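What follows is a short report on a single structure.
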Amino acid sequence: MNNIIEITDFLDPRLDVYARLTEAQLLNREFPEKGMFIAESPKVIERALDAGYEAVSCLMEKKHIEGEGKHILDRIKGIPVFCAEFDVLTQLTGFKLTRGMLCAMKRKPLPTVKEICENKSRIVILDQVMNPTNVGAIIRSAAALGMDAVLLTKGSSDPLYRRAARVSMGTVFQIEWTFLSDDGIDEVKSLGFKTVAMALKDNTLSISDERLTNEEKLAVIMGTEGDGLSDNTIADCDFTVKIPMYHGVDSLNVAAASAVAFYQLGNKNQQ
């Protein structure tokens with residue numbers, strides 16, 4: 001049975017996770033075993049539950065208790081479910097709720113890079129991609145277009161940040177990912193992957209070059225939103241690829257570029 005609690009005290013410390021703690025505070029780098037994240041919308045919450053994440057509490061619009069959120073509540077009995085009318089929730093959180101439901105969930109320990117790369121043939125490396133919207137969109141494309149896993153450098157946005165998970169439509173729970181160490185790209189290469197730098201450079205390979213599609217293990221590296229990949233990273237890669245563009249357009253958003261790259265270079269044998 002659910003513990004339904006109608007909000008009357010905005011300062012209730014149990015609401016801090018939704019109203020007052022930052023994403024960085026929820027992540028809790030000092031004590032990662034206590035880390036949490038916020039899943040937003042029934043679809044994202046359901047995919048997190050399917051992936052084995054544990055719910056801590058919920059915050060939802062009152063009408064959704066017997067509406068869109070009912071099947072979620074049936075799966076997470078015994079935790080506090082805070083509720084209120086829409087205008088009260090907006091006042092509490094400072095923003096509108098997407099689909100009227102948030103869920104605080106416990107993080108799980110991240111796998112190692114070696115564990116992630118085992119039995120994989122196509123992976124993505126996000127190098128300093130800091131915008132959570134872009135991270136979420138790239139992960140969604142990676143999952144949809146035949147990539148096997150996603151690795152992120154430490155400067156990249158966390159895939160479990162609320163906006164990233166929401167933009168990904170919960171696919172952050174459907175494709176494996178983890179963070180790289182400082183020498184992580186070298187580790188990936190040591191595991192047998194050829195690296196592909198996606199960069200706006202001349203003298204590059206065509207994205208349809210058979211040398212890329214014929215590689216057994218390929219790691220596609222996408223760079224930060226503004227400057228792209230550093231010259232050092234590009235120089236260290238086995239291949240450099242530039243997406244051809246027309247009508248005077250000189251670049252694509254990193255999320256759009258990733259979809260083009262993954263469609264061409266992804267694992268065509270996936271179902």
Side-chain angles (χ1 to χ4, degrees), residues 113-131 134-157 159 168 171 175-246 249-270:
V113 171
K114 185 176 181 179
E115 289 169 340
I116 284 280
C117 291
E118 188 174 4
N119 299 320
K120 304 294 194 302
S121 64
R122 293 293 185 269
I123 63 173
V124 185
I125 297 177
L126 302 187
D127 187 14
Q128 304 288 318
V129 178
M130 296 172 281
N131 186 306
N134 283 334
V135 168
I138 292 168
I139 288 177
R140 187 177 183 184
S141 292
L145 299 174
M147 305 306 287
D148 300 318
V150 179
L151 304 176
L152 305 97
T153 63
K154 290 180 180 178
S156 296
S157 179
S168 82
T171 53
I175 186 171
E176 293 181 86
W177 60 269
T178 197
F179 279 93
L180 292 161
S181 62
D182 291 337
D183 59 350
I185 294 179
D186 288 337
E187 182 180 1
V188 169
K189 294 175 77 170
S190 75
L191 295 170
F193 285 84
K194 296 292 186 180
T195 49
V196 179
M198 301 300 301
L200 298 172
K201 299 289 185 180
D202 295 325
N203 301 317
T204 59
L205 287 184
S206 165
I207 196 169
S208 60
D209 193 296
E210 289 186 355
R211 282 174 286 181
L212 300 174
T213 54
N214 289 339
E215 283 291 345
E216 182 180 347
K217 292 184 174 184
L218 210 59
V220 180
I221 307 179
M222 313 295 301
T224 186
E225 291 85 354
D227 299 326
L229 296 172
S230 70
D231 289 338
N232 287 339
T233 298
I234 295 171
D236 287 341
C237 285
D238 298 294
F239 307 105
T240 303
V241 169
K242 178 181 178 181
I243 296 171
M245 283 169 273
Y246 307 93
V249 177
D250 60 359
S251 65
L252 291 172
N253 168 274
V254 66
S258 73
V260 176
F262 303 161
Y263 179 78
Q264 181 63 41
L265 302 174
N267 186 349
K268 302 300 190 294
N269 295 321
Q270 284 199 24

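What you are looking at is a predicted structure, and each value in this text was computed from that prediction instead of being measured.
In this structure the side chain of V113 never reaches within 4.5 angstrom of the side chain of S181, judged on heavy atoms. Side-chain atoms of C237 and F239, non-hydrogen and from C-beta on, never get closer than 4.5 Å to each other. Between N131 and V254, the closest side-chain pair of non-hydrogen atoms is not below 4.5 Å. Contact of the T204 side chain with the V241 side chain is not registered, since no non-hydrogen atoms from C-beta on lie closer than 4.5 Å. Considering only heavy atoms from C-beta on, L200 comes within 4.5 Å of M245 through its side chain. Looking at L151 and T178, their side chains come closer than 4.5 Å, going by heavy atoms from C-beta outward.
K189 places no side-chain N or O within 3.5 Å of a backbone atom of D238 that could act as its donor or acceptor partner. Panel note: side chain R122, backbone L265; a donor-acceptor pair is recorded below 3.5 Å. A donor-acceptor contact shorter than 3.5 Å is absent between the side chain of T240 and the backbone of A197. Between the side chain of T224 and the backbone N or O of D227, no donor-acceptor pair lies under 3.5 Å.
One finds the CD1 atom of I243 at 10.5 Å from the OG atom of S251 (value rounded to the nearest 0.5 Å). Of the inter-residue distances, the one linking T213 atom OG1 with Q264 atom CD reads 7.0 Å to the nearest 0.5 angstrom. A distance of 5.0 Å separates CD1 of I185 from CD1 of I125, quoted to the nearest 0.5 Å. For the atom pair CG of N119 and NZ of K217, the computed distance is 8.0 Å after rounding to the nearest 0.5 Å. Note that CG of L126 is 11.5 Å distant from CH2 of W177, once rounded to the nearest 0.5 Å. If you take CZ on R211 and CG on L218, they are separated by 12.5 Å, rounding to the nearest 0.5 Å.
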Full working for side-chain contact (heavy atoms from CB on, under 4.5 Å) between V150 and I123: CA-CA 6 Å; V150 179; I123 63 173; over 6 Å; no
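Across every non-hydrogen atom of C117 and L191, the tightest pair is CB-CD1, 3.8 Å. Contact detail for P159 and I139: the closest heavy-atom pair is CB-CD1, 3.6 Å. Smallest separation of non-hydrogen atoms from I138 and S258: CG1-OG, 3.5 Å. Scanning both residues, S156 and F179, for their nearest heavy atoms gives O-CE2, 3.9 Å. Heavy atoms only, all atoms of each residue included: I116 and A149 are closest at CG2-CB, 3.5 Å. Minimum interatomic distance between F193 and K120 (heavy atoms only, all atoms of both residues): CZ-O, 3.5 Å.
Of the options D127, I207, I221, a side chain to side chain contact (heavy atoms under 4.5 Å, CB included) to M198 is made by I207 and by none of the others.
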